[in-house]
Student: 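Sharing a structure below in structure tokens format, with a few things to ask.
Read the numbers this way: they start at 1 and go in the same order the structure lists the ligands and their atoms. The basis for the numbers below is simple: all heavy atoms, side chains too, and nothing from hydrogens, waters or symmetry mates.
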Amino acid sequence: MSIKTIIEPFRIKSVEPIRWTTRAQREALLQAAHYNLFLLPADDVLIDLLTDSGTGAMSTHQWAAIMEGDESYAGSRSFDRFRRSVQDICGYKHVIPTHQGRAAERILFNVACKKGDCVPNNTHFDTTRANVEFVGAEAVDLLIPEGRQPALQYPFKGNMDIAALEALIERVGRERIPLVMLTVTNNSGGGQPVSMENARQVSAVCKRHGIPLYFDACRFAENAWFIKLREPGYADRSPKAIAQEMFALGDGCTMSAKKDGMANIGGFLCTNDDLLAQQEKDLLILTEGYPTYGGLAGRDLEAIAVGLQEALEEDYLRYRIASTAYLGQHIAAAGVPIVQPPGGHAVYIDARAFLPHIPPHQFPGVALAAELYLEGGVRSVEIGTLMFAAAAQMDLVRLAIPRRVYTQSHIDYLVEVILEVWKRRENLRGLKLTHEAPFLRHFTAHLEPIL
Ligand SMILES: Cc1ncc(COP(=O)(O)O)c(C=O)c1O
């Protein structure tokens, strides 16, 4: 086909108004929110890129499935449909529903890990790390060095460092490693994908040492699409076949269905291990619910069953990845420093390079995020010194794109807003903290501009 434009592969049946505010209003709102965008009322945000988690739009098929929800406490047919859909893609023997991803993580690590253990991952997402550490185990990130260089172009910056994995097993011993995890795509590392070859190598190391391999599968469909686009030998395979091949390399997964489950809530935990599954279900009953609903309504299970399959549709994935890349490429072409190449679900602006006159302790990421709000009512999130304090290696501003929510013109608007701020970046000032909580301070911190 000679037409190049990639369009949204849907038409809009139900619309949700978004509200304009004036710059003067936004100045007052930002001041009232103590320069912390988490503290803004969502109604005062025009384009909300705080997260891609649970913020997607459901399809007509999902809404129709919701009406089919069977709310029986035990043995509901909605659970059967959910299990069939999950197993069709992942192939694992046991499917345990949870209310979201971190609940699956909590159950897995409580059952599989103990104090003194060590869990390797390409990069732990923050809830994953917290759940590993909560049971007294150590969360070890083993990302390849290429994944830590924002400006470097490399097709699979989410890959795990195989030599580092071997060295870790050698150093701490197999008995201290209850499982290895691969996060696809690597959210904390810029939404970068993991190649099939790397997953195969990790799987081979795990098999040689008798260690189970689990996927943190939140963005499994986006990862599959990157493999199709970038890895030799996969161009003619369907995203579903690619996802199935990757899952077959492991023994289980955790999943937040708020991402590639295309649902507003939900998650699951899978395993092939009968004994582990029994222990996980026992814990599930204690904290989430009976194993055929696990903290979800029957209608949620239905929405996920349909959403997982829709996330693998080629037209959807082509549009999804192209629209994130479009945003990244247009701002990068004007000189805006971003993590390259653009990730699957988000574009990450390198705030230290954007605002070199603002030192990390004056929160360049927060300053940039605040200015994007003032300029155009856009909400993003700082991933840097406010979030990680002294442990921050970079100061990034993440623009996470909700699934099927914004159109091409919204993205064009975003490009304009970012480039306006880029033009007068020298006028931006740093901020200082006026209030912080003892942990996870970024959610509730108060800040004010340094005059
Ligand atoms: C890679 C990854 N793992 C786990 C989670 C946790 O999922 P949830 O927010 O559903 O608890 C997230 C959520 O953002 C994530 O991105």
Student: Thr183 heavy atoms, cut-off 4.0 Å: which ligand 1 atoms fall inside?
Tutor: 1 (C)

Student: Do any nitrogen or oxygen atoms of Thr127 lie less than 3.5 angstrom from nitrogen or oxygen atoms of ligand 1?
Tutor: no

Student: Would you say the ring centroid of Phe220 lies under 6.0 angstrom from that of Phe247?
Tutor: yes

Student: Any chance CD of Glu16 has more than 12 other-residue heavy atoms, nucleotides or ligands included, within less than 6.0 Å?
Tutor: no

Student: What residue and heavy atom of the protein are closest to atom 13 (C) of ligand 1, and at what distance?
Tutor: Lys259 NZ, 2.3 Å

Student: With respect to Asp52, which candidate in Arg403, Lys259, Lys258 satisfies the salt bridge (charged side-chain N to carboxylate O under 4.0 Å, His left out) definition?
Tutor: Arg403

Student: Is the shortest N/O to N/O distance between Gly101 and ligand 1 below 3.5 Å?
Tutor: yes

Student: Who pairs with Tyr326 by ring-ring contact (aromatic ring centres under 6.0 Å, His included), at least two apart in sequence or on another chain?
Tutor: His330

Student: In the protein, what heavy atom is nearest to atom 4 (C) of ligand 1, and what distance, to one decimal place, separates them?
Tutor: Glu105 OE2, 3.1 Å

Student: Strictly by modelled atom types, are Asp273 and Thr271 linked by a side-chain donor-acceptor pair under 3.5 Å?
Tutor: no

Student: List ligand 1 atoms under 4.0 Å from Asp216, heavy atoms only on the residue side.
Tutor: 1 (C), 2 (C), 3 (N), 4 (C)

Student: Once side chain to side chain contact (heavy atoms under 4.5 Å, CB included) is applied, do any residues pair with Ala241, and if so which ones, sequence neighbours excluded?
Tutor: Arg237, Ser238, Gln244

Student: Are the aromatic rings of Phe109 and Phe134 close, with centres under 6.0 Å apart?
Tutor: no

Student: Which protein non-hydrogen atom lies closest to atom 9 (O) of ligand 1, naming both residue and atom, and how far is it?
Tutor: Arg102 NH2, 2.9 Å

Student: Applying a strict 4.0 Å limit to heavy atoms, is Cys218 in contact with ligand 1?
Tutor: yes

Student: Return the closest protein heavy atom for atom 10 (O) of ligand 1 as residue, atom name and distance.
Tutor: Ser256 OG, 2.7 Å

Student: Passes side-chain hydrogen bond (donor to acceptor under 3.5 Å, both in side chains), Asp395 versus Thr385? Steps please.
Tutor: CA-CA 6 Å; Asp395 278 282; Thr385 306; 2.9 Å; yes

Student: Taking only heavy atoms of Lys258 into account, list the atoms of ligand 1 that are under 4.0 Å away from them.
Tutor: 10 (O)

Student: Of the protein's non-hydrogen atoms, which lies at the shortest distance from atom 5 (C) of ligand 1, and what is that distance?
Tutor: Phe125 CD2, 3.4 Å

Student: For Arg219, counting its heavy atoms only, list the atoms of ligand 1 lying under 4.0 Å from any of them.
Tutor: 1 (C), 15 (C), 16 (O)

